[in-house]
Novice: 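Questions regarding the structure given below will be posed in turn.
Both counts, for ligands and for their atoms, begin at 1 and track the order of listing. One-based numbering along the sequence shown. Basis for what follows: all heavy atoms, side chains included, without hydrogens, waters or symmetry-related copies.
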Amino acid sequence: MEPLNPEAIRNRVQSVLAKIRSAEGKAGRPAGTVRLVAATKTVAVEHIAEAVRAGLSILGENRVQEALPKIAALTQAPVHWHFIGQLQRRKVRSVIGLFDLIQSVDSLDLAQEIDRRAGEAGRQQNVLLEVNIGREPTKAGFQPDDVVRLIPMLAQLSHTCIKGLMTIPPPTADPDSARPYFRQLHDLARRIAALDVPTVRMDELSMGMSNDYEVAIEEGATLVRVGTAIFGARHV
Ligand SMILES: *Cc1c(COP(=O)(O)O)cnc(C)c1O
């Protein structure tokens, strides 16, 4: 890939956005139904700012310590922030109100802490439930069956708006091998939607990264999280 300079970043943002539009078209989905979340971990603020000028509007960060100074530096930028990394209970208080969406709620315990802190702050926090769709022993996330079983309890959280599901499937060499996992997440979202719990929405499916976001769009993604394809390989 070209070295990271303003022009390269602009070109890559435009290219990813074009591929998203084309994948929507191929899948017979209306233009604009899929939103791009740029995964900005380890990326310097000036590079993020360039990408925002090129058309990004949602930024996803993984670590609270890294995210806070970036959010402070980019307060004038017309962007929304999503939290996409593993969130520790003791950090919850410091993120309420900063992120439009916490995509990575991976346990009932974390959901309850978010609800408690959002309540204290007088806010509603939008979240996605992260599902360990490949049932990998070392990966965070709800087990697919657990998430269905826990919906009645999650539904009671009055300061937390559940908007959908997120997943990081097992790493695969070719994008098409991720397809069954994307399909399973979509099926799981349909199952939960069929429970018809008014406070639990299944409008958002966050799945697909640099290697496989076009496949994820074919399988129903509404949010794709893309880092490397925009900012190049991470060296940290
Ligand atoms: C880093 C990251 C991404 C983006 O991965 P790329 O392969 O660089 O596109 C997506 N989701 C999460 C949760 C990440 O941490």
Side-chain angles (χ1 to χ4, degrees), residues 1-4 8-9 11-20 23 34-45 47-48 50-52 54-68 70-71 79-88 91 95 99-107 110 126-134 136 138-142 163-179 181-182 185 204-217 219-236:
M1 267 203 267
E2 322 152 59
L4 208 53
I9 292 176
N11 290 341
R12 290 189 208 151
V13 169
Q14 288 310 319
S15 152
V16 171
L17 288 171
K19 285 182 185 166
I20 289 173
V34 181
R35 294 181 294 154
L36 171 61
V37 179
T40 47
K41 57 178 174 274
T42 78
V43 179
V45 167
H47 291 149
I48 300 173
E50 190 58 47
V52 171
L56 286 184
S57 55
I58 309 175
L59 307 177
E61 277 285 332
N62 291 65
R63 289 186 201 86
V64 176
Q65 287 100 313
E66 185 180 341
L68 299 183
K70 287 180 178 175
I71 294 173
V79 290
H80 297 288
W81 294 87
H82 288 187
F83 194 82
I84 63 173
Q86 212 161 358
L87 180 58
Q88 293 165 285
K91 302 273 175 68
V95 306
F99 294 92
D100 290 287
L101 185 64
I102 299 176
Q103 293 202 7
S104 42
V105 174
D106 57 6
S107 69
L110 178 61
N126 295 324
V127 305
L128 303 182
L129 305 174
E130 180 173 355
V131 179
N132 182 356
I133 202 72
E136 294 170 273
T138 56
K139 194 168 268 180
F142 291 93
K163 298 286 188 186
L165 304 180
M166 179 272 229
T167 201
I168 308 169
T172 53
D174 81 300
D176 234 32
S177 316
R179 188 184 300 275
Y181 296 111
F182 296 146
L185 192 76
E204 302 286 357
L205 273 185
S206 176
M207 55 188 195
M209 314 201 292
S210 291
N211 280 332
D212 52 20
Y213 65 92
E214 290 163 286
V215 174
I217 291 169
E219 297 304 331
T222 64
L223 294 164
V224 292
R225 311 176 310 268
V226 177
T228 309
I230 297 171
F231 299 108
R234 292 176 290 272
H235 303 290
V236 193

Novice: Of I84, L101, V105, L165, which is the lone residue that meets side-chain contact (heavy atoms from CB on, under 4.5 Å) with L128?
Specialist: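 Exactly one option meets the side-chain contact (heavy atoms from CB on, under 4.5 Å) with L128, and it is L101.
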Novice: Do E204 and T222 have a side chain donor and acceptor closer than 3.5 Å?
Specialist: yes
Novice: Quick one: which ligand 1 atoms are inside 4.0 Å of a heavy atom on I168?
Specialist: 13 (C)
Novice: Shortest non-hydrogen contact from I20 to Y213?
Specialist: CG1-CE1, 3.9 Å
Novice: Mind checking what makes side chain to side chain donor-acceptor pair (under 3.5 Å) contact with S206, not counting sequence neighbours?
Specialist: Q103, R225
Novice: Looking at S107 and L110, would you say the former's side chain and the latter's main chain have a donor-acceptor pair under 3.5 Å?
Specialist: yes
Novice: Can you figure out which of T228, D212, V226, N211 has its heavy atom closest to atom 8 (O) of ligand 1?
Specialist: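 Selected option, by shortest heavy-atom distance: T228.
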Novice: Of the protein's non-hydrogen atoms, which lies at the shortest distance from atom 10 (C) of ligand 1, and what is that distance?
Specialist: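 I find the closest protein heavy atom is M209 SD, 3.1 Å.
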Novice: Please identify which of these residues, M166, H82, K163, meets the side-chain contact (heavy atoms from CB on, under 4.5 Å) condition with L223.
Specialist: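 Passing option: H82.
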Novice: Please state which protein non-hydrogen atom is closest to atom 9 (O) of ligand 1 and give its distance, to 0.1 Å?
Specialist: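 Checking every protein heavy atom, the shortest distance to atom 9 (O) of ligand 1 gives S210 OG, 2.5 Å.
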Novice: I'd like the name of whichever of A39, A38, A229 reaches closest to atom 4 (C) of ligand 1 through any heavy atom.
Specialist: A39
Novice: Identify the closest protein heavy atom to atom 11 (N) of ligand 1: which residue and atom is it, and at what distance?
Specialist: R225 NE, 2.9 Å
Novice: Among all protein heavy atoms, pick out the one at the shortest distance from atom 1 (C) of ligand 1; state its residue, atom name and that distance to 0.1 Å.
Specialist: K41 NZ, 1.3 Å
Novice: Closer than 4.0 angstrom: is that true for some heavy atom of R234 and an atom of ligand 1?
Specialist: yes
Novice: Show which atoms of ligand 1 fall inside a sub-4.0 Å distance from at least one heavy-atom site of N62.
Specialist: 14 (C), 15 (O)
Novice: Kindly identify the option in V224, V16, I84 whose heavy atom sits closest to atom 13 (C) of ligand 1.
Specialist: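 Shortest heavy-atom distance from atom 13 (C) of ligand 1: I84.
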Novice: If we ignore hydrogens and angles and just use 3.5 Å, is the side chain of D212 paired with the main-chain N or O of M209 as donor and acceptor?
Specialist: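 Yes, the answer is positive, given that a donor and an acceptor are paired below the 3.5 Å cut-off.
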